[in-house]
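Below: one structure, written as structure tokens.
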Number of protein chains: 2
Amino acid sequence: MNYAETLGAKAKAAEKAMRCASTEEKNNALREIAEALKQNTEEILAANETDLVEAEKNGMSAAMQDRLRLTEARIKDIASGVMDVIKLEDPIGAMDGGSLRPNGMRITKIRVPLGTIGIIFESRPNVTVDAAVLCLKAGNTVILRGGKEAYHSNKCLCEVMRAAVERSGLPADAVQFVDDTTREVTSQLMKCSDYLDVLIPRGGAGLIRAVKENATVPVIETGVGNCHVFIDETADPDMAVNIVDNGKTQRPSVCNAIESLLVHENIADKVLPLVKARLDAHNVEIRGCEKTASILGDCVVPVTEEDYATEFLDYIISVKVVKDIDEAISHISKYTTGHSECIVTNSLANAEKFRNEIDAAAVYVNVSTRFTDGGMFGLGAEIGISTQKLHARGPMGLRELTSMKYLIDGNGQIR
Amino acid sequence: MNYAETLGAKAKAAEKAMRCASTEEKNNALREIAEALKQNTEEILAANETDLVEAEKNGMSAAMQDRLRLTEARIKDIASGVMDVIKLEDPIGAMDGGSLRPNGMRITKIRVPLGTIGIIFESRPNVTVDAAVLCLKAGNTVILRGGKEAYHSNKCLCEVMRAAVERSGLPADAVQFVDDTTREVTSQLMKCSDYLDVLIPRGGAGLIRAVKENATVPVIETGVGNCHVFIDETADPDMAVNIVDNGKTQRPSVCNAIESLLVHENIADKVLPLVKARLDAHNVEIRGCEKTASILGDCVVPVTEEDYATEFLDYIISVKVVKDIDEAISHISKYTTGHSECIVTNSLANAEKFRNEIDAAAVYVNVSTRFTDGGMFGLGAEIGISTQKLHARGPMGLRELTSMKYLIDGNGQIR
């Protein structure tokens, strides 16, 4: 048994207790976690400080250091996020259909936990807690593998959570920390199919590709968003500019930000200068096609095929003038990562065409793509945004952390 | 581009037409297929004959040859199965929830096709048609890779279907045949993640393991069933014997047949001789624990750990006497493949305990495990039985061949 498998075996041993736990027992564990986070704030901040000193020494950028930093206020926010999950409806046990069959047997389809969920993440230490409590609330056990840069913070947060879960009467091993940041352990986790029911990578495109290519455990791909806005000829120019500006500049580093703008040629002369004027306020670099350059002038950097395929996550946008909605749809179909796509239009026919023909998790008509988010969609907290079509698509809330089973009751039916 | 990728690219090109096809258009394609199967019976039988001659030459068993054999009556049955799928409700476009958000944007969650589905199968040639029409009805394109032994039959059936789909006005490439039975192409398909949205292996444990270990395409595991019956101390002995006999002998070669029997020690003396008497009619070999042998005598073959873990698919059963339901549940939890598990009991408390603690796709109380089947569950036809927890669990019907997307409509909402 390798290291990942020993964690997996402990998780499996804790699974039955979690699977059979009542909503109240799970909520008690979450309440203990929220409480413990506040009571252990000093210890958590000390561990975080160790990571920050290391980060400073390694020359981590100020922005990245800020992502890594925990403060008393941030810990309070994390704890209050845990309390919010308590309020969410427990997905487990919900009836998802059923029928009385002609032979008198009764079939009931009910929601059950997935089992053991592995999460590999690169982001901020709050993910440790956010992800763990969602998994627990849905009756799962969880194995957390965070990034090296947040090692001490994550380890401390996990220890605090494990002790809290145990105090509540559920098994501490329902939450486990991968206390090893080498690549080898990541590989072990990916192959740990005897113990893990699903592996969710949360991080950059590189991590997700590596997991997808090497995992034998079922994977849910998350987060890569090469999102487009298409401004149709009938679009309201103000609305279009607002949606493009919001999608590009409100928070460019996130997956539901837009990376690419397509404009109908009949409205390009009018709308592109307005877009540029607004984006200029954030010094957005425009990488455009020839027509874009002919309208906007020398400030336009010539766009390449690679630009069209790139999730910039930065103040850069690719722009293409298209001759009609068909060209827009085929461009999007070629470059989409299946995350979020938007049309701004006043044509009912074109809105309907866009909805039907675009194959993505979220298809927007006259709304900013920035809304692709569990909270914004009303799912409560989210564990990530799936860009695959199997099991979950789009923001994944508690329900997406469950499976189902069939219960069949009868009085001796045979075939 | 390797061979699998060229098929994948053609499938992707056909995807939009399938995704946007109306129920009527898809049903027309299915009707053309059913018609074409009947009209091309002679040609199909000739191709099948080529496979049968080959099979005879290679010394294939009579039972296997029978599985491979098509007849006019069997082709009629296949065609009538296609007509049955026409009657099933189209899962595409169904609203799966939605809400009006506080900012006035409207979110609608609707069912959409998965996209392109790869199926690798080893079974009878009818699977070619059964699987294809289910995929088509759910708006998908499908790539079919059948076994070498049925090569000519499968190829002919695919050609007939492609021509029929094209006659109906949908693209022929919605159905594609992998015209290469080498292992290399199987590997190519498993890695074809740019084009395939899911890969479903249907066949023996070896095939499924190979796909699971090597695929980068999302996989749905199907069919391995190491199913148990536990006879609790309060069980009705006649009911128990009927359920064991039905599970073991009605059709031992299928995945929902039982492989293992657990008996409460307080009822073992009474029920085991009755079970044996019934199983003797089919010369079932009993591999039992020491207590089983002490009750049933010398006919019992000493059971091994490996026996407990084996899906015999034959007239063999492992038997263990247990001291209580807890021992039964922990034995099952150790050896289950998560397919179908059954308790025979008259205790409400034990029935509930078994339902809650057993982690399997189908959990039966006083009903034969042989009912784990799409038709028996009322789902219509099935494409296989999932033994994983992600996306689909248990019998997979049309709904399991779909994904969903979020449609968001508004009038300029931004964050």
Side-chain angles (χ1 to χ4, degrees), chain A residues 15-16 19-20 99 101 105 107 112 114-115 193 197-198 212-213 216 218-220 236 238-239 242-243 245-247 250 333 351 355-357 359-368 370-372 376-378 388-391 393-395 403-415, chain B residues 15-16 19-20 99 101 105 107 112 114-115 193 197-198 212-213 216 218-220 236 238-239 242-243 245-247 250 333 351 355-357 359-368 370-372 376-378 388-391 393-395 403-415:
Chain A
E15 246 187 38
K16 200 169 90 177
R19 189 164 60 240
C20 299
S99 61
R101 301 300 304 153
M105 68 184 187
I107 299 186
V112 297
L114 273 171
S193 54
D197 294 288
V198 58
K212 190 175 153 190
E213 275 169 19
T216 59
V219 169
I220 300 181
D236 175 288
D238 286 342
M239 188 194 289
N242 284 339
I243 285 174
D245 182 37
N246 185 250
Q250 196 239 353
S333 300
R355 283 189 200 107
N356 287 337
E357 297 188 13
D359 189 21
V363 181
Y364 288 85
V365 176
N366 296 341
V367 178
S368 168
R370 289 279 295 108
F371 286 102
T372 305
M376 291 290 153
F377 275 20
Q388 72 181 33
K389 290 196 241 173
L390 214 64
H391 185 74
R393 199 177 194 197
S403 180
M404 41 71 54
K405 72 177 170 190
Y406 287 98
L407 301 178
I408 304 95
D409 291 281
N411 48 12
Q413 282 81 353
I414 58 171
R415 272 180 91 171
Chain B
E15 248 188 35
K16 199 169 94 179
R19 189 164 61 241
C20 301
S99 61
R101 302 300 305 151
M105 68 184 185
I107 300 186
V112 297
L114 274 170
S193 53
D197 293 287
V198 57
K212 190 176 153 189
E213 275 168 18
T216 59
V219 169
I220 300 180
D236 175 287
D238 286 341
M239 188 194 288
N242 284 338
I243 285 174
D245 182 37
N246 185 249
Q250 196 238 352
S333 299
R355 282 190 201 107
N356 286 336
E357 298 188 13
D359 189 22
V363 181
Y364 288 86
V365 176
N366 296 341
V367 178
S368 169
R370 288 280 294 110
F371 287 102
T372 305
M376 291 290 155
F377 275 20
Q388 71 181 34
K389 290 195 242 175
L390 215 64
H391 186 75
R393 199 177 194 198
S403 180
M404 41 71 54
K405 72 178 170 189
Y406 287 98
L407 301 179
I408 304 94
D409 291 281
N411 48 12
Q413 283 82 353
I414 58 170
R415 274 179 89 172

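When reading the values below, keep in mind they use all heavy atoms of this one structure, side chains included, and skip hydrogens, waters and symmetry mates. Lettering of chains follows the sequences in order, A, B, ..., and the numbering in each one begins at 1. Note that the structure is predicted; figures quoted are calculated from it, not measured.
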Interface residue of largest heavy-atom contact number with chain A, from [options], under 4.5 Å:
options	value
B/Val198, B/Ile243, B/Thr216	B/Thr216
B/Met239, B/Glu15, B/Arg415	B/Arg415
B/Glu213, B/Gln388, B/Met105	B/Met105

Counting heavy-atom pairs under 4.5 Å with chain B, which one of [options] comes out on top?
options	value
A/Pro218, A/Gly394, A/Gly378	A/Gly378
A/Asp238, A/Asp236, A/Leu114, A/Asn242	A/Leu114
A/Val219, A/Asp245, A/Leu407, A/Asn366	A/Asn366

Chain A contact via [X] - side chain, backbone, both or neither, heavy atoms under 4.5 Å:
X	result
B/Asn246	side chain
B/Ala362	both
B/Lys16	side chain
B/Glu357	both

Check: [Y] and [X] side chains under 4.5 Å, non-hydrogen atoms:
X	Y	answer
B/Leu390	A/Ile220	yes
B/Arg19	A/Asp359	yes
A/Lys212	B/Ser193	yes
A/Arg101	B/Met376	no
B/Phe377	A/Ser99	no
B/Lys405	A/Val363	yes

Problem set entry | Under 3.5 Å: donor-acceptor pair, side chain of B/Ser403, backbone of A/Lys389 | yes

Measure [X] against the heavy atoms of chain B and call it side chain, backbone, both or neither at under 4.5 Å.
X	value
A/Val112	side chain
A/Ile107	side chain
A/Ala351	neither

Exercise. Checking side-chain contact (heavy atoms from CB on, under 4.5 Å) against B/Val367, which of A/Asn411, A/Ile408, A/Asp409 comes through?
Worked result: A/Ile408

